[in-house]
Novice: 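Here it is: the structure, laid out below.
All of these numbers come straight from a predicted model, not from anything done at the bench. Indexing begins at 1, ligand by ligand and atom by atom, following the structure's order. All heavy atoms count here, side chains included; hydrogens, waters and symmetry mates do not.
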Amino acid sequence: MAVFTPVTLEDVGHWISQFPLGKAVALKGIASGIENSNFFLTTERGEYVLTIFENLTFQQLPFYLQLMRHLAEHGVLVPAPVANDKGELCVPLHGKPAAIVSKLEGKPQMAPQPVHCAAVGGMLARMHLAGQDFALKQPNLRALPWWREATAAVLPHIALEQAHLLHEEMKFQEALHASADYHALQRGPVHADLFRDNVMFDGERLTGFFDFYFAGCDTWLFDVAVTVNDWCIDLATGALDEARVRAMLDAYHAVRPFTAAEHSLWPAMLRAGALRFWLSRLYDLHLPRAAEMLTPHDPTHFERILRTRIAVPAPELY
Ligand SMILES: Nc1ncnc2c1ncn2[C@@H]1O[C@H](COP(=O)(O)OP(=O)(O)O)[C@@H](O)[C@H]1O
Ligand SMILES: N[C@@H](CCOP(=O)(O)O)C(=O)O
């Protein structure tokens, strides 16, 4: 279902000769995934993932692929892109941009315990620190300017009660983003979509973060909020689970201590993280792209999380 561009072992046989990976031995399409065509690729040198990018262009990809390479070189557990004999990380395959990255062991942990949340929190802090000297700059393309556009686009499609919440929250976030405290927050490259399905675990051992294609430069605290809003909640209600929140935040804080400005903006940033995904899910539901083939994620999940973050005080950052 999610292989949009079919590729055979024969197609890859010649193409792979530009990479230092030996001969291609096996190729298997990956059924999950909604954006790109992904394949497990076995070569004489080992196991890799081949991705054909269905929407991102050759101009857009260097930021993501070079960020992954930079992080991998700095000891952060992420897939390492493989360069071809010209040093390129992204080359055409069937006329579309394609890349080969190392395959992470394990599988996503969809029922995380505090031990998993602690591993994610610690690695997230290491990722933020390692990204500080990454040279390429690209803003988070799903930040406030996009929220404004998405709000205008979805408003005609939603009920009055939801429109009211959306207006009020946008007003709150506009004021937050204009504040001195917000501008004092530390920032750099962030993953911006570090949900349970974008992290691999082998038992309790974290083996890597992947799917960096929403990454961009934003506040580190926003990244923490997005991650907590997915990993540390009761999925049915959206309520934060104190033990998992504490495990994730304490592990992060031990590697990269939170600042006073971050402490004061934490509840507001949890709301920002919920708003961002409420908006993108509303957008995908009401304004699907022409080639969209898969069931959109349920927006009411993040509407519920947003309402809960507004109504219920969050555990302190530290
Ligand atoms: N580097 C990797 N190592 C191991 N598995 C991977 C890797 N990259 C992707 N996958 C597998 O491919 C699936 C789809 O990848 P994902 O990045 O979520 O696709 P999409 O961008 O199309 O949504 C993941 O759920 C995972 O099983
Ligand atoms: N995490 C987002 C959807 C992003 O899709 P992905 O498969 O590329 O991670 C959501 O849950 O809305």
Novice: List, pair by pair, the atoms of ligand 1 and of the protein that are both N or O and lie under 3.5 Å apart, giving the separation rounded to 0.1 Å.
Specialist:
{"unit_1": "ligand 1", "atom_1": "1 (N)", "unit_2": "Ser102", "atom_2": "O", "d": "3.1"}
{"unit_1": "ligand 1", "atom_1": "3 (N)", "unit_2": "Leu104", "atom_2": "N", "d": "2.8"}
{"unit_1": "ligand 1", "atom_1": "18 (O)", "unit_2": "Asp211", "atom_2": "OD2", "d": "3.4"}
{"unit_1": "ligand 1", "atom_1": "19 (O)", "unit_2": "Asn38", "atom_2": "ND2", "d": "3.2"}
{"unit_1": "ligand 1", "atom_1": "21 (O)", "unit_2": "Asn36", "atom_2": "ND2", "d": "3.4"}
{"unit_1": "ligand 1", "atom_1": "22 (O)", "unit_2": "Ile34", "atom_2": "N", "d": "3.1"}
{"unit_1": "ligand 1", "atom_1": "22 (O)", "unit_2": "Glu35", "atom_2": "N", "d": "2.9"}
{"unit_1": "ligand 1", "atom_1": "22 (O)", "unit_2": "Asn36", "atom_2": "N", "d": "2.9"}
{"unit_1": "ligand 1", "atom_1": "23 (O)", "unit_2": "Ile34", "atom_2": "N", "d": "3.0"}
{"unit_1": "ligand 1", "atom_1": "25 (O)", "unit_2": "Ser32", "atom_2": "OG", "d": "3.2"}

Novice: Under a strict 4.0 Å criterion on non-hydrogen atoms, which protein residues are in contact with ligand 2?
Specialist: Ile34, Asp193, Phe195, Asn198, Asp211, Phe214, Phe277, Arg281, His297
Novice: Mind checking whether Trp231 and Phe214 sit in one hydrophobic cluster, side chains of I, L, V, M, F, W, Y counted as touching below 4.5 Å?
Specialist: no
Novice: Should Arg205 and Glu105 count as an ion pair when the cut-off is N to O under 4.0 Å?
Specialist: yes
Novice: Pairing donors with acceptors under 3.5 angstrom, does anything connect the side chains of Gln138 and Tyr64?
Specialist: yes
Novice: Not counting sequence neighbours, which residues clear ring-ring contact (aromatic ring centres under 6.0 Å, His included) with Phe209? List them please.
Specialist: none
Novice: Can you check whether Gln186 reaches His128 side chain to side chain, under 4.5 Å on heavy atoms?
Specialist: no
Novice: Please work out whether the ring planes of Trp147 and His177 are parallel, tilted or perpendicular, with thresholds of 30° and 60°.
Specialist: perpendicular
Novice: Please identify each residue that fulfils ring-ring contact (aromatic ring centres under 6.0 Å, His included) with Trp266, with sequence neighbours left out.
Specialist: none
Novice: Are any of the side-chain nitrogens in Glu169 or Arg309 under 4.0 Å away from the carboxylate oxygens of its partner?
Specialist: no
Novice: Please verify the inter-ring angle class for His116 with Phe201; under 30° counts as parallel, over 60° as perpendicular, anything in between as tilted.
Specialist: perpendicular
